[in-house]
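Below is one structure; the comments refer to it alone.
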Amino acid sequence: MTARTIRVAEVVVDGTALFLDKRFSYAVPPGVDVAPGMRVVVPMRSSMRSGIVWALREASGATDLRPLARVVDRAPVLTSDQMRMAEWLCDRYAATLPEAVSAILPGAFRLRVRSVLVPAAGAEIPDDVRGLALFQHIAEAEPALSDIRAKSRHDERMVRAWMTAGFLREEIRVDEAVGEKRQAYLVGSAPADVLRREAEARRRRARRQSDCLEVLADVGEVAWDKRLYPPASVQPLVAAGLVRVEERRASHRWAAGEELERWPELTPYQARAVRDLAEMADQGHGVALLHGVTGSGKTEVYMHLIRRAIEDGGQALVLVPEIALTPQLVRRFERRFGGQVAVLHSGLSLGERREEWTRVLDGDASVVIGARSAVFAPMRALKLVVIDEEHEPSYKQEDAPHYDAREVAMWRAKQAGALVILGSATPSLSSMYRVEQGSAKLVSLPVRANQRPLPPIEIIDMREELRTGNRSIFSRRLAAELEATVSRDMQAILFLNRRGFAHAALCRACGHSMECPRCDIHLTVHRSAEGHVLVCHYCGHEEPLARRCPDCGEEALMPYGLGTEQVEEHLRRAWPSMRVLRMDLDTTRRKGSLQAIIERFQAGEADVLVGTQMIAKGLDFPRVRLVGVVAADAMLTLPDYRANERAFQLLTQVAGRAGRAETDGITLIQTYQPGHRAVEAAKQHDYRLFYERERESRAFFRYPPFCELAVFLASHSEERLARGAAARFERELGRSPSARSLVVLPAGPSGIRRIDNVYRYQVVMKYAAWQDVKEDVVRAYRLVKEKMNRLGGSAVLDVNAQRIG
DNA sequence: AGCACGCCGACT
DNA sequence: GTCGGCGTGCTC
Ligand SMILES: [Zn+2]
Ligand SMILES: [Zn+2]
């Protein structure tokens with residue numbers, strides 16, 4: 001008798017529950033082809049779930065394993081490098097394996113698995129059963145057993161009886177989130193003003209058609225979301241010749257045969273940087289901090305190193321902040337690298353995302369450009385990782401698994417023997433500290449590529465303006481420069497770090513501030529068709545802005561504190577002929593509208609761009625002469641240990657939008673705190689000054705980079721349960737063995753105690769090395785999380801947290 | 001997270 | 001008796 005062996009698949013099963021943080025073993029049925037990295041369907045208890053094969057092994061004897069129900073893929077969708085990366089994410093960020101997998105694998109590969117009831121084929125089903133309403137319903141709607149149960153327990157019993165009798169059986173249905181099919185686009189086929197006029201004409205009788213036309217007037221084209229614009233609404237627009245439907249593979253693909261751009265000559269500084277970086281690249285893994293002033297031509301340096309990496313038979317990964325990932329940027333890379341470029345970002349349809357991922361997986365792309373999550377791209381010959389605007393907080397994922405793309409990139413590069421280039425005009429404290437510690441090498445680009453000096457920065461003391469009788473939000477100097485700029489046919493950017501019309505609504509009589517009924521935060525004033533409304537930025541609550549104060553009864557409620565909408569309004573009122581565009585979260589919510597604003601401003605369709613921090617993230621507007629910071633104070637008073645760092649970075653980055661190509665520039669910063677050190681350092685263009693001072697205070701108060709932070713956050717609609725969970729977590733840590741290596745700050749309410757009627761309590765931890773404390777922290781976390789989930793609340797742990805509260 | 005199982009009070 | 005509600009424990 002031969003020893004029977006069977007093949008066993010170890011599977012990571014999809015889901016968020018804690019118990020799924022392991023590999024489940026299933027028998028591979030004989031003759032079934034399966035490899036690690038393929039998606040499968042497996043039985044779990046009494047339901048079917050999707051998962052991914054992690055490993056295969058042989059086992060003999062005990063064959064009490066349940067078999068794989070289905071293998072979905074013919075080729076793996078994850079590489080083994082990516083699986084190692086997932087395991088590392090679990091270790092570093094206290095994530096479960098399925099959480100790590102879902103961060104790495106694009107949503108386009110998600111499976112939806114259902115077991116549905118169907119009449120058994122070929123079974124003798126009595127007519128009295130077949131005639132029952134329940135049976136008919138099952139035959140038509142193919143519901144799941146759980147759907148039946150939800151309606152009636154009696155029906156469930158009946159169905160179970162029919163299953164035993166062989167009248168019904170369960171069938172697995174697997175739906176891909178998206179097929180590899182093409183994506184349909186709606187494209188405006190009339191000029192924007194015609195579309196707008198037609199939209200207005202249909203406003204009353206055909207709301208959907210009107211909306212659709214308006215969007216197309218703004219952005220030209222959109223991926224066709226059939227829930228938003230049902231075919232019945234689109235059809236008449238097509239018939240009227242206003243819209244056409246196009247099916248496409250990808251938004252734009254480099255056409256074979258298009259001529260590549262010539263490589264321009266580098267400035268001496270660029271050439272030196274390329275030489276230094278190339279030398280590092282030759283030595284394998286390393287981390288470089290490319291500190292180049294705004295407009296110093298960092299991208300050109302990146303591209304030279306990418307070219308080298310490709311010539312060496314390698315691949316390069318370029319990470320940029322989501323907002324800077326514009327078609328113009330992609331085009332810029334394609335002009336040098338042609339069809340070797342792949343793009344991964346959220347603006348793509350699911351189908352496009354999947355296609356780009358597959359191109360990378362198949363080795364058809366040598367350069368991958370993407371935002372944060374592109375750090376997981378399936379590359380097998382990684383030689384170079386570029387992280388542009390390295391200081392941007394958006395590289396840290398705010399939800400589970402809370403990874404930091406900069407850290408992931410460095411880990412990955414180390415495994416692959418690749419070079420990492422962190423690029424910024426305002427390096428994060430932690431990166432510069434890395435240089436200080438010798439774990440990164442500094443490479444500098446101290447002058448602009450256009451050989452012009454950095455635009456001068458002037459500070460305007462708004463207290464002085466007030467004293468001398470100017471009550472406008474624009475100082476005399478800013479007003480004069482605005483007029484001068486526009487009259488010379490140049491452009492201006494006005495920056496304010498607050499969206500909405502006004503920061504809050506305040507009672508002039510008693511000082512009462514209007515609060516959100518569902519959150520512990522004041523409401524923001526927004527402009528609306530009927531005047532002003534109060535809006536909560538956290539839960540979306542909206543109410544009209546009344547005059548009467550609910551607290552004292554006086555008619556004295558007034559908007560207080562500037563917002564971007566108000567700046568726009570003051571501009572229009574003071575200079576009616578100026579053409580103004582606004583760019584903030586509210587004007588860019590619609591897909592494509594961000595890009596539309598960027599393009600319109602670049603095309604000179606507006607004189608002034610008013611915006612929040614999103615205008616500071618590496619966008620290139622060559623005709624901008626003037627940058628005005630309307631009120632720096634909004635960012636100087638943030639209650640966070642990083643407030644100074646953030647303020648300095650924002651001010652420097654915003655100032656850097658001025659005078660980038662064709663003109664000299666000037667930056668004016670209006671503030672009530674002209675002596676603030678972030679303002680001063682920005683004015684001097686003095687990164688060193690900023691770094692030394694900030695470093696000193698971080699060291700003194702023991703904040704990163706002199707330690708690492710982790711934040712435990714418990715949420716529950718009952719305050720005592722949220723508070724209790726945080727207190728319990730704190731106690732658990734107090735009696736853990738690693739208590740010595742850990743500073744645990746007292747449990748307390750999070751920065752905003754209540755959001756959407758859910759209370760939030762947190763515990764902040766400081767430690768030198770996660771490795772030394774993780775075991776105990778994770779044990780305490782899982783213990784409390786499990787309890788919290790049972791009670792209908794939730795708990796999260798943010799390791800290496802970038803902000804607290 | 002689901003889902004089964006078991007125990008309980010409330011109703012046909 | 002039987003229905004639905006909810007706490008508890010398990011998932012290859
Ligand atoms: Zn009042
Ligand atoms: Zn709210």
Side-chain angles (χ1 to χ4, degrees), chain A residues 5-30 32 34 36 38-72 83 90 94-103 107 110-117 134 143-161 163-164 168 170 172-175 399-401 714-718 721 725 781-797:
Chain A
T5 66
I6 57 157
R7 279 195 305 156
V8 175
E10 302 200 336
V11 176
V12 172
V13 179
D14 296 336
T16 53
L18 282 176
F19 83 90
L20 292 169
D21 192 23
K22 57 171 165 253
R23 288 133 60 150
F24 291 83
S25 302
Y26 291 89
V28 180
V32 167
V34 66
M38 289 183 185
R39 292 170 301 162
V40 290
V41 176
V42 294
M44 174 145 275
R45 201 117 197 250
S46 54
S47 54
M48 288 290 167
R49 288 161 167 270
S50 58
I52 199 151
V53 176
W54 216 249
L56 289 168
R57 60 184 165 85
E58 300 281 325
S60 56
T63 57
D64 54 341
L65 295 174
R66 302 176 75 176
L68 296 177
R70 187 175 297 183
V71 177
V72 176
M83 289 189 257
C90 294
T96 64
L97 258 173
E99 272 174 345
V101 169
S102 80
R110 207 142 297 154
L111 295 174
R112 214 177 62 113
V113 180
R114 287 162 48 85
S115 297
V116 297
L117 295 165
L134 178 60
L145 187 55
S146 58
D147 300 332
I148 303 286
R149 180 176 26 243
K151 276 205 217 106
S152 140
R153 202 127 133 179
H154 176 265
D155 286 359
E156 184 197 357
R157 254 199 308 282
M158 185 73 96
V159 167
R160 280 185 194 282
M163 286 168 75
T164 345
L168 290 177
E170 283 190 294
I172 306 169
R173 288 287 152 84
V174 183
D175 291 319
D399 333 299
S715 317
H716 201 284
S717 51
E718 267 188 71
L721 292 178
Y781 163 57
R782 298 206 162 171
L783 181 93
V784 181
K785 183 189 177 80
E786 202 123 29
K787 200 146 279 178
M788 227 22 201
N789 286 344
R790 283 230 171 274
L791 293 168
S794 70
V796 294
L797 180 68

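Along DNA chain C, the nucleotide nearest P43(A) and the nucleotide nearest R790(A) are compared for position; the residue whose nucleotide lies closer to the 5' end is R790(A). When each of N789(A) and E156(A) is assigned the nucleotide of DNA chain B with its nearest heavy atom, N789(A) is the one assigned upstream, toward the 5' end. Where R49(A) and R160(A) each meet DNA chain B at their nearest nucleotide, the meeting point lying more 5' is that of R49(A).
Contacts with DNA chain C (heavy atom under 4.0 Å) in residues 22-29 of chain A: K22(A), F24(A), S25(A), Y26(A), listed by number.
Contacts between chain A and DNA chain B, taken as any atom within less than 4.0 angstrom of a protein heavy atom, begin and end at dA1(B) to dA4(B).
Distance CD (E786(A)) to P (dT8(C)): 13 Å, rounded to an integer number of Å. One can place CG of L18(A) at 16 Å from P of dC10(C), the figure rounded to the nearest angstrom. Between the C1' atom of dT11(C) and the CG atom of D14(A) lies a distance of 15 Å, rounded to the nearest Å. Regarding D64(A), its CG atom lies at a distance of 9 Å from the C1' atom of dC12(C), rounded to whole Å. In this structure, R45(A) atom CZ and dT11(C) atom P are separated by 7 Å, rounded to whole Å. Rounding to whole angstrom units, NZ of residue K787(A) and P of dG9(C) are separated by 11 Å.
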Could you list the donor-acceptor pairs under 3.5 angstrom formed between side-chain atoms of residues 42-52 of chain A and any protein atom two or more places apart in sequence or on another chain?
unit_1	atom_1	unit_2	atom_2	d
S47(A)	OG	M44(A)	O	3.4
R49(A)	NH1	D14(A)	O	3.2
S50(A)	OG	D14(A)	OD2	2.5

Enumerate, atom names and distances included, each donor-acceptor pair closer than 3.5 Å involving a side-chain atom of residues 15-22 of chain A, sequence neighbours excluded.
unit_1	atom_1	unit_2	atom_2	d
D21(A)	OD1	L97(A)	N	2.8
D21(A)	OD2	R782(A)	NH1	2.9
D21(A)	OD2	R782(A)	NH2	3.1

Please enumerate all protein N or O atoms sitting under 3.5 Å from an N or O of nucleotides 1-5 of chain C, with distances to 0.1 Å.
unit_1	atom_1	unit_2	atom_2	d
dC3(C)	OP2	R157(A)	NH2	2.3

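With sequence neighbours left out, the side-chain hydrogen bond (donor to acceptor under 3.5 Å, both in side chains) criterion links E786(A) to no other residue.
The CG atom of L168(A) sits 11.0 Å away from atom CE of M158(A), with the distance rounded to the nearest 0.5 Å. Between the CD atom of E99(A) and the SG atom of C90(A) there is a distance of 8.0 Å, given to the nearest 0.5 Å. Going from atom CG of L134(A) over to atom CD1 of I148(A) covers 5.5 Å, rounded to the nearest 0.5 Å.
Side-chain atoms of R66(A) and base atoms of dC12(C) include no donor and acceptor less than 3.5 Å apart.
As judged by a 4.0 angstrom heavy-atom cut-off over every strand, R57(A) is placed among residues making no nucleic acid contact.
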